[in-house]
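Scroll down for the structure; my scribbles are underneath it.
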Amino acid sequence: MSAPAREELELRPEDNARLAALCGPLDAHLRLLESRLGLRLENRGHRFVLVGPAAARRRARRLLERLYDLSGRAPLAEDDVLRLLDETGDGEGGEAEGASPPARVLTPRRQILARGRRQAAYVAALGTHDLCFGVGPAGTGKTYLAVAVACALLARGVFRRLVLVRPAVEAGERLGFLPGGFTEKVDPYLRPIYDALDEFLGPEETAHALERGTIEISPLAYMRGRTLAQAFIILDEAQNTTVEQMKMFLTRLGEGSRAAVTGDVTQVDLPRPERSGLADALERLADVEGVHVSRFRPADAQRHPLVARIVGAYERPRGENP
């Protein structure tokens with residue numbers, strides 16, 4: 001029996017930190033690639049030996065080069081390797097030749113790299129469409145990327161204001177039992193947005209922008225009767241709007257404004273039988289020019305790798321095997 005075919009790959013430029021990120025702790029990323037691709041990977045420094053069928057070697061070469069490139073731009077985790085494996089598919093063709101590079105968002109404090117085709121398409125849409133919906137399960141980057149794009153455009157002077165909005169509907173809780181006025185009661189539900197702003201702008205600049213009114217964080221109820229011009233507006237947790245509230249929000253757009261609407265239609269906390277304004281809008285606006293919809297899947301989750309598997313388990317009928 002003939003020995004398995006071998007070929008060599010040398011990654012350039014030499015960068016030990018990127019190489020360590022590519023290989024993962026105790027070479028975990030390499031072992032993952034081996035198990036998924038059905039070949040053996042041996043490496044000595046920046047030189048790799050690929051042992052196995054021709055199709056597997058071709059795909060492994062592309063994946064290693066892509067992962068090495070990504071490791072120089074953003075932290076590389078197991079879910080990044082899994083996502084890239086899923087995106088390249090199981091055929092010999094792998095990724096399309098000449099595929100577009102990953103989308104980047106340059107915020108004042110750090111560069112954000114979109115992970116995967118759906119995130120890259122979403123980032124591109126946020127930069128070009130006056131109304132963009134980001135729909136999908138938790139952890140897929142819907143709000144995070146929308147805030148990143150908004151901060152980048154605000155810093156460049158494309159927009160004068162950033163307005164972040166959430167409906168005051170709680171996941172199984174009641175605001176009336178919480179201490180303080182309405183704003184104090186809603187504020188904890190806006191914490192993820194504050195965290196994102198601190199990451200992209202820095203805590204001090206975020207505080208100054210909030211004081212000046214350059215950035216406004218508002219409950220949806222406070223939007224009625226307003227018209228916002230030259231603003232980037234983000235409606236988060238939009239699945240918890242009613243049909244009337246969604247219509248009210250969408251008609252707040254003024255001259256030179258852009259809106260991003262994010263939510264998960266499977267996580268509606270409205271009292272039954274109230275229809276979600278997000279689900280309704282996705283149907284009504286499906287063919288409206290200037291509207292873009294990005295739909296994410298559990299596999300796109302950007303949190304702990306276990307999150308995607310948990311979301312998938314909850315979406316399967318009870319008792320059904322994965």
With a cut-off of 6.0 Å (strictly less than), are more than 12 heavy atoms of other residues, nucleotides or ligands near [atom1] of [X]?
X	atom1	value
R44	CZ	no
R275	CZ	yes
R61	CZ	yes

Can you check whether [X] reaches [Y] side chain to side chain, under 4.5 Å on heavy atoms?
X	Y	value
C151	E205	no
D280	M246	no
L33	L39	no
M248	L220	yes
L250	L285	yes
V123	I112	no
V268	E274	no
R118	S294	no

Check whether [X] reaches the backbone of [Y] with its side chain - one donor and one acceptor, N or O, closer than 3.5 Å.
X	Y	answer
Q119	T140	yes
R258	G127	yes
K142	V261	no
Y68	P13	yes
E255	A229	no
S71	A21	no
N240	D269	yes
H29	L22	yes
R252	R226	yes
S257	Q230	yes

field: Short N-O contact, R12 and E14, less than 4.0 angstrom
entry: yes
- prompt: So, E244 and K247, do they make that salt bridge, N to O below 4.0 Å?
  reply: no
What are the two closest non-hydrogen atoms of [X] and [Y], and how far apart are they?
X	Y	result
P219	V165	C-CG1, 4.0 Å
G52	R57	O-NH1, 2.6 Å
P108	L201	CG-CD2, 3.6 Å
D264	A138	OD2-N, 4.2 Å
F232	A260	CE2-CB, 4.1 Å

As an exercise, state the distance from [atom1] of [X] to [atom2] of [Y], rounded to the nearest 0.5 Å.
X	Y	atom1	atom2	value
R6	L50	CZ	CG	10.0 Å
R109	L197	CZ	CG	12.0 Å
L162	L210	CG	CG	9.0 Å
L145	L113	CG	CG	10.0 Å
D236	T241	CG	OG1	11.5 Å
D69	R18	CG	CZ	6.0 Å

message: For a salt bridge (Lys or Arg N to Asp or Glu O under 4.0 Å) check, start with the C-alpha distance between E7 and R58, then their side-chain angles and the critical distance, and finish with the verdict.
response: CA-CA 10 Å; E7 66 178 271; R58 285 196 295 270; over 6 Å; no
query: Stepwise, does the side-chain contact (heavy atoms from CB on, under 4.5 Å) test hold for L63 with L37?
result: CA-CA 10 Å; L63 284 164; L37 298 178; 3.9 Å; yes
Given the rule that I, L, V, M, F, W and Y join up when any side-chain heavy atoms are under 4.5 Å apart, are [X] and [Y] in one cluster?
X	Y	answer
V163	Y222	no
I215	F200	yes
L278	V288	yes
V149	L131	no
L32	V51	no

- prompt: Taking the six-membered ring for Trp, are Y122 and F296 parallel (under 30°), tilted (30 to 60°) or perpendicular (over 60°)?
  reply: perpendicular
V147 and E199: CA distance, side-chain angles, deciding distance, side-chain contact (heavy atoms from CB on, under 4.5 Å) verdict: CA-CA 10 Å; V147 175; E199 181 177 348; over 6 Å; no
query: Does the side-chain contact (heavy atoms from CB on, under 4.5 Å) test come out yes or no for R161 and T214, once each step is laid out?
result: CA-CA 5 Å; R161 302 178 63 203; T214 307; 5.6 Å; no
Evaluation steps, side-chain contact (heavy atoms from CB on, under 4.5 Å), between E65 and L11: CA-CA 7 Å; E65 290 173 342; L11 297 175; 4.2 Å; yes
